[in-house]
Every structure is written in structure tokens, then in C-alpha cells.
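All heavy atoms count here, side chains included; hydrogens, waters and symmetry mates do not. Everything numeric here is computed off the predicted structure, so don't read it as measured data. Chain identifiers are assigned alphabetically (A, B, ...) following the order of the sequence lines, protein sequences preceding nucleic acid strands; residue numbering begins at 1 within each chain.
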Amino acid sequence: MDAHYHPEIIEPEAQQHWEEKQIFRAVEDPARPKYYCLSMFPYPSGKLHMGHVRNYTIGDVLARYHRMKGFNVLQPMGWDAFGLPAENAAIANDVAPAGWTYANIDYMRGQLKRLGLAIDWSRELATCKPDYYRWEQWLFTRLFEKGLIYKKMATVNWDPVDCTVLANEQVIDGRGWRSGALVEKRDIPMYFFRITSYAEELLSELDHLPGWPERVKTMQRNWIGKSFGVEIHFPLSPNSPQGSTTLPSPASGARGEFGMHGIPPSQPAGDASPAVGREAGAGGEGRIQGEPSSQDSSVLKVFTTRADTLFGVTYVAVAAEHPLAQQAAAGNPALAAFINECKQGSVAEADLATMEKKGMDTGLKVYHPFTNEAVPVFVANYVLMGYGEGAVMAVPAHDERDFAFAKKYGLPIKAVIRPPEGDTRNGKGETENRSQPDTFPISHFPFPLPYVEYGTLFDSGDFSGRTSAEAIDAMALVLKNLKLGEKRTTFRLRDWGISRQRYWGCPIPIIHCPTCGDVPVPDEQLPVVLPEDVKIDVGSPIKKMPSFYQCACPKCGGPAERETDTMDTFVESSWYYARYACPNNTTAMVDERANYWLPVDQYIGGIEHAILHLLYARFFHKLMRDVGLVTSNEPFANLLTQGMVIADTYFREAGDGKKQWINPADVEIRDGVAVLKADGQPVRVGGTEKMSKSKNNGVDPQALIDQYGADTARLFMMFAAPPEQSLEWSDAGVEGANRFLRRLWKAVHEHVEAGITEAYSGGELPAAAKDFRRQLHQTIAKVTDDIERRKQFNTAIAAIMELMNALAKLEGADPATRAVKQEALEAVVLMLSPIVPHICRTLIKALKPGTCMVGSPWPAADESALERDEIELMLQVNGKLRGKLRVAADAAKDAIEAAALASPELQKFMEGKPAKKVVVVPGRLVNVVV
RNA sequence: GCCCGGAUGGUGAAAUCGGUAGACACAAGGGACUUAAAAUCCCUCGGCCUAUGGCCAUGCGGGUUCGAUUCCCGCUCCGGGCACCA
């Protein structure tokens, strides 16, 4: 073998061998246990970044490890190819999104292949190809017919200058990123997937996913947000224009009653629910049927989880889009102006939640359902139309947000809950009100407000003296008898709006017929193909392309128009894992091969997908199950969420205040100042964020691979930090990873030059060789556990490095010692082969000619080599380390205690005082308390 | 703002179930080899002090425990998500 390590020679050789012999082609084989190892597929943004290298190396290590463990492994790869960046690139570079995307795919495929991943490339798919998305359209039509897809109004970011809908990402400080115009909220019709029908199952099934990280399950539980509460009706006061059922017309730009949606009742999966979507009236300009409106204009409905605070209500607040607010605004220009103001800004919840809480009195009053007191109705910008009833009862004494709002607008604060007897905890919040003169009407109470915990009721009529829990039950009962409310369970989860007014996505397979309404495209007319040869400027080209949208109604044959919106790209990524099982099927979405491979045994991807992608994919799996395509309940048995690879962001501000993001590779630090390498002028430093196209802070691994090879890049990424931890990018340490591989090569080379031998298999060993062999088998056990159970590769690598350091120090050229060295080198090379496969392929062939690395079994730890005669215990006095003690491995507890007490170290630090207590932890330590 | 994480030497990190804090590396400094450089090898490497010993130290402040990086309570800062980035 060559005396020097030359990755530039051995890596292409190995990759060519794997590709020619189709080593990683996966074939269904019911006789072997299968292992479906899936890494989240990339968006083809142009180049790989370090986050991809991390993600795909983790997946590759697990795939290769399981192959060595005898599993039938499937590791596929594909492209999440639809999406917004392609349209942006198309405008910027005057190219078609399709061409840009395909070019990126070709380049990135090359980069992935250069990493030496054990992928079955014959299953590669791209979601922008009709042979993929036609099945998405097919499923859409099935779901539409089942009523699991419906149409309703939804609010979007509207750029009034460019006249386009903006993604949340494209709204920066309330302005459109390109035009700089103030963004407005606008209501447009959209198709929705009825994910709320599956809310209960999506929640409860989380309890049956032991292979998922707890934090991801917690996030999903909170996102679904099941809460038990009470719906309460506040009758409108006669002064209010009640009885008037005339609501503002949708044409005014306001959200009409069809936009109102209560929380749809949970439906059991598979239940043929009424096909609401099909009831949609005439297409085009016609009326949009939304959720059945439960709005009764003589009462204001609110939902609350804290009905126990009902007697503390001092106002109610409604969303700006609430019909009551619209009604009141009709004769109140100031209110109308305020509601208009609420229409400004983005629809992103993060923006809504952080903006200044503002409100205005509508002049309307509602009656308190128990006291009949008149309560003012406010419009408040913090009340969301999309959640609950779009109205809340406000209890300033027991809610932080209401408290702040009441103080701001001088509204009364009435406390009705006190801490339970014996509870010494303070309420959260401000205490200064008790010593300072009240600036607002506030009743007297001996604890700080707002008090937001549960407690005991007072000043609450017949309910006074009850606990919160009792009161909620009792009040719900009384309200029900009064027909003014009842207990209800709600979910925070909202239905999934999937319409996008964009070009580069999967066309929604619906035809709008003036006579028949919304008609799904029949199977034989699928796929609805997205034209690829287009020019992009402002707006979607297919909306201006009669050849695309003009069509005949499949039902009546009359002239009709095709839907020109496309689907959310999350739809494609919700089922690709199933399509990998049978990517070449031209007659069905998935076939029986999916049931062989599914569920995915190990799914690996960034923690940023903890909620949306993973929840949508779980939802889609259940949809596919309920149309009979798959038999499992969940798509991903085990989930590994890798931490983000983050990097500094740099930018310059253009004249119009827009930020130009600069890649970290083009920036250097001179005298503590970040400057652009090209012109030496300073750039501004943004935050440290996940590598992304939008912030242009992705670090391309290409230079690293070109300089050191794929194995060094892989080893370095795996050694840098455990997978779940976020990782601030720095190439410090790459040199060390490369150095280790050179040392490994050299160690094998020297051993091989001295003559290969049979690996040790028994017989007497010199003491040093015996000790080394114990370390070898401890290392095998540790590395196996680290990879299989802990999925932590940095410590596995560290253990192997330690072993190699020990091997370098192992003297002796006698046959027994050389046999142990042979055993150790073979084991090390095999253990490293999932991480650095190219070098290991060459090394194992040198150590054991004729060996096929990919087919080699994983080394097994020899239990008998692990045995020890003596162990070392730590000696502590009062918990402080004072000495060490060597004892026989099988020493009894009391013998250890006696030996410890007799040791000079303990004698010294006990200072002659008697031991009050002696704690003996076998195999660990002895702690003496004096 | 809300939900979920994280914080340990100059740096990346380790300590797996509450039991030796800093494994393994990187960087730095010193030395060997060399005409020289690279490469390689060896040594030092948390802080402080009255230094073969001792004290302090795992973001900050409390608590539980014989013993806390690990568990609990309250903060600070950083990262991820917040439904149209993917």
C-alpha cells in the first residue's frame, strides 16, 4: 500500500466502485429486517451548506452502521424542488424557475455524490416533476370529495404597490421587501385541509412515539393546544343594534360572515363528513362557503379556559374583523379608522403578539350572563379572529394582557380569585398598586395583581368560596341551563390553508364552473401540468395564461376556468418518504412496497422542522392510511432532530434601506472590524443564525472537500459536536480531523509493512497487550452504544482516538502482541467505516486482502476481555475528593469501608473526628461525613 | 409576546442513572528533528494562593442532597419555531 494518505485518489475510486456495482441499491426482501434511514431532502437552493453535510453524514453513518449489523437498508435522496427562492432567482437572473431548479439539482447531486453517501440513487425524485405531483393532485381530489378539503376566506399579506401576496418572510418591519410599501391584510378565498379533524389523533399518537425526542413531542402538543374551557354567551344590550342581521358586505373588503369560523367539531378519522367544500356556490366571484356560521347576532360568544374568573369581567374585546366591530364602525368614523389601522401590518403571529396592545371602545354593551351588568365591548388588536370566537372576555385582575390593557385605558379591575388557603406563593405581577394611590378603580385585596393562578373565588355570587376547578364545572352547568353557554374543548391548531398565489408549485386540481361550482379534475385528466417555459415578472404567469386556465367543465362540458393557485410546498414534503418506496409506479401514488419499508426507521432533520413539516407529514400519513394507501399509523418511528449549523450574518444597507446580505466567506475581520474582502470597506454584523439562502450565510463545503477530501469533512462534522446540539460554524479543527486520518493511515501502513497476521483469537498475552486488549473491547462496546443508542458520534470518535493513542504506545513485536494489534486495527477501521468510508475501504483491504468493507460485519465486544482484577475508588470527606483507593473488583462493601477509613488520606482530613456517616457507592467512591 | 432548547478552559467539547469537572481535539507556548520550512514527535496548557499542599471554579441568584454540570425555583443572555422561508 501507499505510504501516504491520498484522499484525492482513493475517494473517487471508492465512489466509482459503489456506483458501478450499485452497492447501495435497495431491494425489498421480506427475509431480512429492514432499516429505512431517511434524511430530510434538501431544497435545491444552489449549493450545499454545512447543515446539509451534517444532516446527510449523520444519516449515512446510521445507514452504513445498520448495513453492517445485517439490516436491509434503504437510504434514498430527492429534491424538495418547488418553492419561493426559484421565483426570486428567476426575477433576479431572468431565467425560468424550472431551469434554475434543474441546474441546481444537477450541481447539488454532484456535491452529494462527492460526499460518498450510501444512497440508492435509482429512487431519486424531484417534487416539481409531473410524475411526482400528479399523485398529490390525485390525493387532493379524493380528499376534496371526502370533505377533508374546503374553501374559505383567509387573511394574507398584501403588497399594495406590487399588487402581490407576500410570504411572512418577505415582510420586513411591516413593509414589502421589494416595494417597501406598508403591507396590508387582505382576505382571499383559499383551500384548507381539515387537519383539525385529526387533532385528537395527532395529539394522542404522540404518546406512542417513544423514538421521538421529548422536546419535539412537547412542541407539537403545545401547538395542537387542546384546552378544556367554557363557551360563554354575553347577550347584546338593547342599545346595541342587535337584531340587525345585516352584516357588512364582503365587497367592502371586510371579512364577511363566511370568514367567521368557529372551531369545527372534531370528527373521527375516516368519517364521511358533510362535503362542505362541494357546497361552494358558483365559482369565480361567487359566494364562498366557509365553516357553518354559528353566529347568532343577539349574543356575543367568547371561549375561555378561566370561567372561574367570570365575575371579574370588566370588558369584552373583539377582533377588528369581528362582525360586531364592523357593525359598530358603520356609524363611528373614529372606530372605522381604528379598525382600518388594525388592517395594516403583517399577518404573522410573532408580529401581532409583539406589537403595542391597542383598543377602542365600540360604544356597544353586552350583559354579563350572571349579574346582568352592562359590560363595554372593545375592539382590540391583540384578539385574533382565527382563534376561538374572535372575542374574549377580559379579566384584568387575573390575566396579564388584560391587566396591561385595562391600566392603559383606565378600565376597572375587579379581583375575584384569591390564592388557596395556606398557599404562600405570591401572584405574579405588580405590587406597587398597594402603596401607591390607585390611578384606576381597583378593589381592595391583600395580594398582588394580576393573580393568574387558580385559587378560591370571592365576590362571585353563589360561587364564592369554591375552588377554581369546582366553579368552572358549576358555572358551566348554570350557563347551560340558562342557554348562555356550555363546556367545550378547543384546539389551538387551525386548519391548514394550502392555496398559494404563486407560480412555482403544484397546481391545485380544481376547475371552477359557473354552473357546477368547484369541480375536481377527473383522474384521467391528471396531472394538471405546470408549464415550465415561462417568463417571470410580478405575479404568477399561469394567472395570465389562458392556455393554462381555459378549460371545459368535466361535469357539464361548459366553458370553465382552472384554478391558478398552487399548493403550499409543505404538501410535497408531507408524503415523499412514502413515494421513495415506489418512485417508478405510474399507476398509483404508492403500492405494497410502501408497506414493506414504512414506517421510516430513522428520520433525521433539523430541529426547525419540529412542528410544521413533521406535523403535516404525520397528518398526511393518516390521510393516506384512511384512503387505504398505507397500513401504519405514523410515518416516522424514530426521529433525530439535529441542531442548526449557525453562522454570522453580514449585510450592507442600500440607499433605500434594504439589506444586502453578504456571505461570511466574502467577509474578513481586520483589526476587529468586519470588512468585505473585495473592497476592504466595513460591513454590518447581523445576528448569528441558521444557514439560509435568505440571509446568505450558508457556508459551502466544497472548498473543504476539495482541500482535504470528503472523509475529513465528514469526520470533522461528526467530531465537532453531538448531533442534537446547535453548532456555530468554524473550520477550526478541520486540520486535526485530517491529521487523525493521516495518523490512522500511517499506523495501518506500518503494521502492514511489518507483515499482516491473523487477528488475535486466544492464548496467553503479555500484561501490556492484555490491558490494551481490554481497552479495545471497552471501546468497541462504547462505540456501538454511542452509535446505536445514543446517536452521539463525537464521543465514539474520541474513544477511537484514545484507543489509537494507546496502540501507538503499545510496545512489543512478539506474535501475540502483533495479533492484538491486527485485531485492534481491523476493529478500528470497521468502526470508523460508517463515518469515513473511503479511507476505511482502502485500509481494510490492506489489512485483510479480499475483504469487502460494505459487507463486513460490525465488530463485537469480547466480554471476557473486559474483566478486571482491581478497580480504583475515589475517597471523599464531606463530599470533597481527598484520595484514591485500589481494591479488588469483587471486594465487599464493608471491606471497602474499612480499607477507606484506614487510608492515610481519610485519616488526615477526618482530623480525628468520628465518621457520622459513610456512603459507599460500589465501583465509584467512598464518602465519609464528619 | 408565546412555545421549545442551550450556556462548562483561549476554542469545539466530555462527564451516558445525582458520584474523580475539563476526556478527545483545536489554538497557543516551549523543545526535538531539519541548512531552512513544512510534516512528524515530545512537553506545558481553567483561575488564584503562603505551591510535593490548598482554595475557587460548569451563565447569575437561591434551594434539595452525604454529594449537583446533572434535580427544583427565580433571572440573564443566546439559538429554533410561531401556521406563506424550507
Side-chain angles (χ1 to χ4, degrees), chain A residues 40 42-43 45 80 82-85 88 154 156-157 165-171 213-216 218-223 225 346-355 357 382 386 400-401 493-502 568-570 573 606-613 615-616 641 643-644 646 687-690 692-695 719-722 724-728 730 732-737 739-740 742-743 746 782 785-786 789-790 792 794-795 797-802 805 872-881 884 916-919 921 923-925 927-929:
Chain A
M40 290 180 186
Y43 176 79
S45 56
D80 188 13
F82 277 136
L84 195 53
N88 297 333
V156 295
N157 301 307
V165 175
L166 297 177
N168 284 334
E169 188 190 50
Q170 297 173 311
V171 181
E214 211 49 58
R215 62 165 157 161
V216 174
T218 303
M219 281 190 260
Q220 293 213 351
R221 280 188 196 104
N222 292 341
W223 184 262
S346 96
V347 298
E349 198 199 299
D351 293 337
L352 296 172
T354 47
M355 69 190 177
K357 309 286 176 285
Y382 69 83
E400 311 237 17
R401 212 166 41 177
L493 181 68
R494 309 198 294 257
D495 277 335
W496 176 14
I498 54 103
S499 295
R500 297 291 179 269
Q501 297 67 46
R502 302 190 202 297
D568 181 0
T569 57
F570 270 123
S573 56
I607 184 65
E608 79 270 30
H609 294 296
I611 297 174
L612 292 181
H613 162 61
L615 190 66
Y616 292 149
T641 43
M644 300 286 83
I646 57 178
T688 311
E689 296 179 42
K690 70 166 174 172
S692 72
K693 183 134 187 94
S694 61
K695 295 285 171 73
F719 187 57
E724 302 234 297
Q725 199 160 306
S726 66
L727 178 63
E728 197 167 330
S730 153
V734 173
E735 198 60 58
R739 193 175 300 152
F740 173 73
R742 288 199 308 262
R743 282 216 311 267
K746 201 173 132 200
K782 179 182 170 51
D785 185 52
D786 276 352
R789 181 181 61 87
R790 297 214 299 159
Q792 188 168 304
N794 56 331
T795 49
I797 294 164
I800 294 171
M801 285 175 168
E802 275 184 272
N805 291 343
E872 193 174 44
L873 298 182
M874 299 302 124
L875 299 179
Q876 296 182 337
V877 176
N878 290 337
K880 282 194 178 171
L881 182 68
K884 293 173 185 179
K916 271 194 230 162
K917 184 174 180 182
V918 181
V919 182
V921 183
R924 289 272 187 196
L925 55 73
N927 186 18
V928 181
V929 188

The glycosidic conformation of B/C73, counting syn as within 90° of 0 and anti otherwise, is anti
> Is A/Asn168 near enough to B/A83 that one of its side-chain N or O atoms lies under 4.0 angstrom from OP1 or OP2?
Replying inline: yes
Base, sugar-phosphate or nothing for A/Ser499? Non-hydrogen atoms, less than 4.0 Å.
base
Whole-Å distance, A/Trp223 CH2 to B/C3 P, equals 13 Å
Taken to the nearest 0.5 Å, the spacing of A/Tyr43 OH from A/Thr569 OG1 works out to 8.5 Å
Separation of B/G6 atom P from A/Glu724 atom CD, nearest Å, is 10 Å
B/G9 glycosidic conformation (syn if within 90° of 0, otherwise anti) is syn
A/Met644 CE to B/G79 P, in whole Å, measures 14 Å
request  = Would you indicate, yes or no, if B/A39 has its OP1 or OP2 atom less than 4.0 angstrom from a side-chain nitrogen or oxygen of A/Arg742?
outcome  = no
Practice problem: Verify the neighbour count for atom CZ of A/Arg790: are there more than 12 heavy atoms of other residues, nucleotides or ligands below 6.0 Å? | Solution: yes
Using a cut-off of less than 4.0 Å, is there contact between a side-chain N or O of A/Lys880 and OP1 or OP2 of B/A57?
no
A/Gln220 atom CD is separated from B/G5 atom P, nearest whole Å, by 14 Å
A/Arg215 atom CZ is separated from B/C3 atom C1', nearest whole Å, by 13 Å
Taken to the nearest whole Å, CE/A/Met219 to P/B/C2 is 17 Å
Taking Watson-Crick and G-U wobble contacts under 3.5 angstrom, with | marking pairs to another strand and [ ] crossing pairs, the secondary structure of RNA chain B is written (((((((..(((......[....))).(((((.......))))).((((...))))..(((((..]....))))))))))))....
In B/S/- notation (B base, S sugar-phosphate only, - none; protein heavy atoms under 4.0 Å), nucleotides 11-27 of chain B written 5' to 3' is -BSSSB--BB--BBSSS
Base orientation of B/A21, chi within 90° of 0 counted as syn, else anti, reads anti
Between CD1 of A/Ile607 and C1' of B/G80 the distance, given in whole Å, is 7 Å
Note to self: If the cut-off is 4.0 Å, is A/Thr569 near the phosphate of B/A86, judged by side-chain N/O to OP1 or OP2?
What the structure shows: yes
TODO: State plainly whether the residues A/Glu214 and A/Arg221 are in salt-bridge range, i.e. N to O under 4.0 Å.
DONE: yes
Item to complete: Verify the contact: side-chain N or O of A/Lys690 to OP1 or OP2 of B/C85, cut-off strictly under 4.0 Å; return yes or no.
Response: no
